[in-house]
Amino acid sequence: MPLRPSNREIKVITHMGEDNALGPDDFKDVGEKVFARMLAKGWIEKTAVEGKYKATMKGLIIHEGEIIYAGRLRS
């Protein structure tokens with residue numbers, strides 16, 4: 001599996017940050033498949049709430065590296 005996140009994966013990780021628990025129902029253009037891929041890569045983990053996920057440290061590190069590498073650093 002490629003380590004470079006897709007645009008939808010970047011969107012999900014950006015909105016999750018370190019604190020938010022989100023799921024596919026929180027996005028109108030991101031579905032279960034994106035969350036399943038991210039879960040398989042270890043970038044997110046399931047929470048106690050059904051259908052909600054939290055970002056892992058691995059996901060946050062890959063996300064930050066991609067934003068800096070691709071020139072998408074947001075201030």
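Not measured: the values here are computed from a predicted model. Position 1 is the first residue of the sequence, and the numbers go up from there. The basis for the numbers below is simple: all heavy atoms, side chains too, and nothing from hydrogens, waters or symmetry mates.
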Could you tell me whether the side chain of Val12 reaches within less than 4.5 Å of the side chain of Leu22, counting heavy atoms only? no
Contacts of Lys52 that satisfy side chain to side chain donor-acceptor pair (under 3.5 Å) - sequence neighbours left out: Asp26
Is there a side-chain contact between His15 and Phe27 in this structure, where contact means two heavy atoms from C-beta onward sitting under 4.5 Å apart? yes
Correct closest heavy-atom pair for Pro24 and Glu32 would be CG-OE2, 3.3 Å
For the atom pair CD (Glu45) and CG (Leu39), what is the distance rounded to the nearest 0.5 Å? 9.0 Å
Using a 4.5 Å cut-off on heavy atoms from C-beta on, say whether the side chain of Val34 contacts that of Glu9. yes
Looking only at heavy atoms, what is the nearest atom pair of Ile13 and Trp43, with distance? CD1-O, 4.1 Å
Tyr53 side chain near Thr47 side chain, heavy-atom distance below 4.5 Å: no
What distance separates Met16 CE from Thr56 OG1, expressed to the nearest 0.5 Å? 9.5 Å
Asp29: partners by salt bridge (Lys or Arg N to Asp or Glu O under 4.0 Å), with sequence neighbours left out: Lys11
Any donor-acceptor pair under 3.5 Å linking the side chain of Lys46 with the backbone of Gly51? no
